[in-house]
Amino acid sequence: MDGAFFARDTVEVARALVGVLLVHGSPEGRTVGRVVETEAYLAEGDPASHAHRGPTPRNASMFARAGTAYVFRSYGLHRCLNVVTAAAGVGEAVLLRALEPLAGLELMARRRGREGARSLCSGPGKLAQAMGVGLEHDGACLLSGDLRLHVPSAGPRPKLAAGPRVGISKAVDLPLRFRLAQSPFVSRS
DNA sequence: GGAATGATGTACT
DNA sequence: GTACATCATTCCG
């Protein structure tokens with residue numbers, strides 16, 4: 001796993017990230033999930049992106065180098081995890097929307113305060129909560145550190161379904177959302 | 001300085 | 001399907 005994986009076309013990265021493992025080793029324990037749903041946020045022609053109007057204090061890490069985490073607070077209480085893509089300074093990223101929980105399910109359930117493997121990580125806010133991702137991870141490197149992405153060395157290319165993104169009011173029609181076909185762990189809608 | 005607005009999730013009808 | 005929690009950031013005056 002190296003930075004080159006992320007330092008290329010953002011839509012390609014969004015597709016390639018499906019199937020990648022997200023691993024968090026915390027004092028509480030280790031949690032692992034497989035990415036099953038992503039969304040790309042682009043620099044040009046994408047008014048739904050936080051980076052659309054250029055750098056601000058909040059989105060600063062979107063302009064850092066590829067492989068950096070961009071974590072933001074959503075609706076005052078949730079958190080969402082993105083991976084910065086493309087060349088440094090461009091301001092593109094991929095939102096991780098859903099995971100298939102693989103390890104540390106009990107810890108995920110405890111963090112979430114509810115049971116049900118199906119709904120532990122089936123949404124960007126749930127995923128961040130279950131994996132213990134917080135604003136302290138904003139700006140962190142996802143190639144090394146306590147929170148990491150890991151590409152399985154081999155394996156068949158997963159079958160993807162593309163569609164419109166969720167929860168936005170602008171650029172609603174762009175097909176920039178990708179998910180693992182037939183996975184029961186994707187977010188609803 | 002003030003007001004609007006979310007890259008959401010849950011509960012309730 | 002609809003309602004609402006909850007607050008920092010952003011934009012406008």
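- Among B:dA7, B:dG6, B:dT10, the nucleotide with an atom closest to any side-chain atom of A:Y75 is B:dG6.
- Across all strands, A:R165 comes closer than 4.0 Å to no nucleic acid atom at all (heavy-atom distances).
- Taking atom CG of residue A:L42 and atom P of nucleotide B:dA7, one finds them 15 Å apart after rounding to whole Å.
- A sub-4.0 Å separation between OP1 or OP2 of C:dT10 and a side-chain N or O of A:R53 is absent.
- Atom CG in A:N82 sits roughly 8 Å away from atom C1' in B:dA7 (whole-Å rounding).
- Put simply, CZ on A:R34 and CG on A:L21 are 8.0 Å apart, with the number rounded to the nearest 0.5 Å.
- In this structure, A:H78 places its NE2 atom 13 Å from P of C:dA5, rounding to the nearest Å.
- Distance, A:L135 CG to C:dC7 C1': 12 Å, rounded to whole Å.
- Using a 4.0 Å cut-off, no side-chain N or O of A:R177 falls inside it from OP1 or OP2 of B:dA7.
- Aromatic pair A:Y41/A:H50: ring centres not closer than 6.0 Å.
- As rounded to whole Å, 16 Å separates atom C1' of B:dG6 from atom NE2 of A:H52.
- A:M62 places its CE atom 16 Å from the P atom of C:dT9, with the value rounded to the nearest Å.
- A:T31 pairs with exactly one of A:L102, A:L22, A:L107, A:L99 by the side-chain contact (heavy atoms from CB on, under 4.5 Å) rule, that one being A:L107.
- Within the nucleic acid shown, A:R114 comes within 4.0 Å of sugar-phosphate atoms alone, with no base atom in reach, counting heavy atoms only.
- Among the heavy atoms of the strands lying under 4.0 Å from A:L77 is at least one base atom, whether or not backbone atoms are also near.
- Annotation: side chain of A:R58 is not in contact with side chain of A:D138 (no heavy-atom distance under 4.5 Å).
- Atom OH of A:Y70 and atom C1' of C:dA8 are 11 Å apart (whole Å).
- Across all their heavy atoms, A:M108 and A:C121 have their closest contact at SD-SG, 3.8 Å.
- Listed pair A:K170 / B:dA7 fails the phosphate criterion, with no side-chain N or O lying under 4.0 Å from OP1 or OP2.
- Across the protein-nucleic acid pair, A:E39 atom CD and B:dG6 atom P stand 15 Å apart, rounded to whole Å.
- Between A:F72 and A:N82, some side-chain heavy-atom pair lies under the 4.5 Å cut-off.
- Cation-pi check for A:R8 over A:F6 is not met; the charged atom does not lie both under 6.0 angstrom from the ring centroid and within 45 degrees of its normal.
- Heavy-atom distances to DNA chain B give each of A:R112 and A:S49 a nearest nucleotide, and the one nearer the 5′ end belongs to A:S49.
- Neither OP1 nor OP2 of C:dT9 sits under 4.0 Å from any side-chain N or O of A:T56.
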Read 5' to 3' with Watson-Crick or G-U pairs under 3.5 Å, [ ] for crossing pairs and | for partners on another strand, DNA chain B gives ||||||.|||||.
Can you check salt bridge (Lys or Arg N to Asp or Glu O under 4.0 Å) on A:E28 and A:R110, steps first, answer last? CA-CA 11 Å; A:E28 286 183 290; A:R110 210 180 317 144; 5.1 Å; no
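- For the pair A:S169 and B:dT5, the criterion of a side-chain N or O lying under 4.0 Å from OP1 or OP2 is not met.
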